[in-house]
Amino acid sequence: MATLESVAQCVITGNLGEIKGQVQELIDAGTAPLDIINEGLIGGMNIVGPRFKAGEMFVPEVLMAAKAMGAGVELVKPLLGGDDMPSLGKVVLGTVKGDLHDIGKNLVGMMLESTGFTVVNVGIDVAPEDFLKAAKDSGAKIVAMSALLTTTMLAMKETVDCFKEAGMNDVKLIVGGAPVSQEFADEIGADGFAPDAATACDLCKKLLGC
Ligand code: B1M
């Protein structure tokens with residue numbers, strides 16, 4: 001019999017084969033859609049994040065967990081009024097100009113969505129002006145940048161400068177990616193650094209006071 005705990009377990013183990021049946025069973029039994037999301041699906045992802053951070057889970061497993069979570073969310077979403085779908089806030093996410101690496105960035109996006117943020121994924125090779133436009137258009141209060149090359153880290157500083165010049169000081173700019181460090185973030189005037197996807201979620205929550 002499906003329970004909120006067994007749905008959480010399907011997320012943790014990335015069990016794409018079973019999660020839809022389990023979520024449907026809960027829906028048919030009259031379980032509140034928000035409970036399925038908060039206690040079942042997000043509940044599972046709340047276990048995955050810290051395990052990934054602690055090195056107890058690896059990238060493929062986290063991707064499977066995020067996929068399973070997505071499959072569950074798809075079933076529950078139509079049952080929620082648009083306004084009921086909980087969102088902690090909007091985050092613009094992209095890989096900086098000149099950089100085509102997107103595996104880590106997408107992982108951060110999936111984890112942010114799983115945590116409850118609305119993610120505006122602007123893709124790869126994103127110029128500073130395009131980050132700025134996306135933040136203005138979406139009203140996001142956080143812009144998260146990813147860079148995997150030492151050479152493209154410089155585009156992070158260009159983006160920070162671009163926001164400063166535009167007077168967009170209420171938008172928090174955060175950075176991450178293998179060559180990036182807290183020291184570098186401080187040096188370029190970014191508002192935060194996250195070494196991994198789980199920490200990126202914690203950082204966004206902290207910056208928005210969630
Ligand atoms: Co490239 N590549 N690559 N590559 N590539 C690296 C990064 C490199 C370290 C390999 C090496 O030489 N050892 C090296 C960079 C050297 C350097 O500058 N220090 C390198 C190079 C040189 C290049 C090319 C220049 C190679 C060439 O063409 N001569 C070229 C550049 C293309 C370009 O971008 N303009 C290139 C191309 C490619 C591929 C296209 C083949 C492919 C990318 C495919 C894709 O992304 N769709 C690729 C890959 C796969 C890699 C490696 C092997 C793996 C990267 C990865 O996906 N890691 C990488 C070597 C390595 O890291 N072992 C390498 C897994 C991913 C989950 O981790 O992205 O670090 P990561 O994300 C983590 C955290 O960093 C953090 O959270 C994630 C999850 O925990 N995080 C954030 C990431 N973004 C964040 C944003 C945040 C917060 C946290 O916002 C706040």
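The first residue of the sequence shown is numbered 1, and numbering continues consecutively from there. Each ligand, and each atom within it, is numbered from 1 in the order the structure gives.
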Kindly indicate whether [atom] is approached by any protein heavy atom to under 4.0 angstrom.
atom                    : answer
atom 11 (C) of ligand 1 : no
atom 45 (C) of ligand 1 : yes
atom 24 (C) of ligand 1 : no
atom 39 (C) of ligand 1 : no
atom 17 (C) of ligand 1 : yes
atom 63 (N) of ligand 1 : no
atom 59 (C) of ligand 1 : no
atom 29 (N) of ligand 1 : no

Check whether any N or O atom of [X], backbone or side chain, sits under 3.5 Å from an N or O atom of ligand 1, and answer yes or no.
X    : result
S146 : yes
D102 : yes
K105 : no
L148 : no
G98  : yes

(request) Compare every heavy atom of F193 with every heavy atom of A185, then report the nearest pair and how far apart it is. (result) CB-CB, 3.8 Å
Between [X] and [Y], is any pair of side-chain heavy atoms under 4.5 Å apart?
X    : Y    : result
M69  : M110 : no
C204 : F117 : yes
L79  : I27  : yes

(message) Counting non-hydrogen protein atoms only, what is the nearest one to atom 19 (N) of ligand 1? Give residue, atom name and distance.
(response) T150 CG2, 3.7 Å
Give the contacting part of [X] toward ligand 1: side chain, backbone, both or neither, where contact means a heavy-atom distance below 4.0 Å.
X    : value
V108 : side chain
D99  : both
V175 : backbone

(message) Looking at E183, I'd like to know if its CD atom is crowded, meaning that more than 12 non-hydrogen atoms belonging to other residues, nucleotides or ligands lie closer than 6.0 Å.
(response) no
(message) For the NZ atom on K53, are there more than 12 heavy atoms of other groups (residues, nucleotides or ligands in this structure) within a distance under 6.0 Å?
(response) yes
Measure from [atom] to every heavy atom in [options] and give the option owning the shortest one.
atom                    : options          : answer
atom 48 (C) of ligand 1 : H101, M110, K53  : H101
atom 76 (C) of ligand 1 : G176, P195, A178 : P195
atom 31 (C) of ligand 1 : L149, T199, D191 : L149

What atoms of ligand 1 come within less than 4.0 Å of a heavy atom belonging to [X]?
X    : result
G177 : 75 (O), 81 (N), 82 (C), 83 (C), 84 (N), 85 (C)
D196 : 76 (C), 77 (O), 80 (O)
A144 : 90 (O), 91 (C)
L107 : 79 (C)
I174 : 91 (C)

(request) Apply the test salt bridge (Lys or Arg N to Asp or Glu O under 4.0 Å) to residues D202 and K206: give CA-CA distance (whole Å), side-chain angles for both, the deciding distance (0.1 Å), then the verdict. (result) CA-CA 6 Å; D202 293 342; K206 192 174 146 208; over 6 Å; no
(request) Assess F52 for proximity to ligand 1: is some non-hydrogen atom of it under 4.0 Å away? (result) yes
(request) Verify, without hydrogens or angle tests, whether T95 (side chain) and H101 (backbone) share a donor-acceptor contact under 3.5 angstrom. (result) yes
(request) For side chain to side chain contact (heavy atoms under 4.5 Å, CB included), just list the numbers for K105 and N121, CA-CA rounded to whole Å, side-chain angles, deciding distance to a tenth of an Å, and then say yes or no. (result) CA-CA 9 Å; K105 184 258 299 171; N121 193 332; 2.9 Å; yes
(request) For side chain to side chain contact (heavy atoms under 4.5 Å, CB included), just list the numbers for L88 and L208, CA-CA rounded to whole Å, side-chain angles, deciding distance to a tenth of an Å, and then say yes or no. (result) CA-CA 8 Å; L88 297 178; L208 293 184; 5.7 Å; no
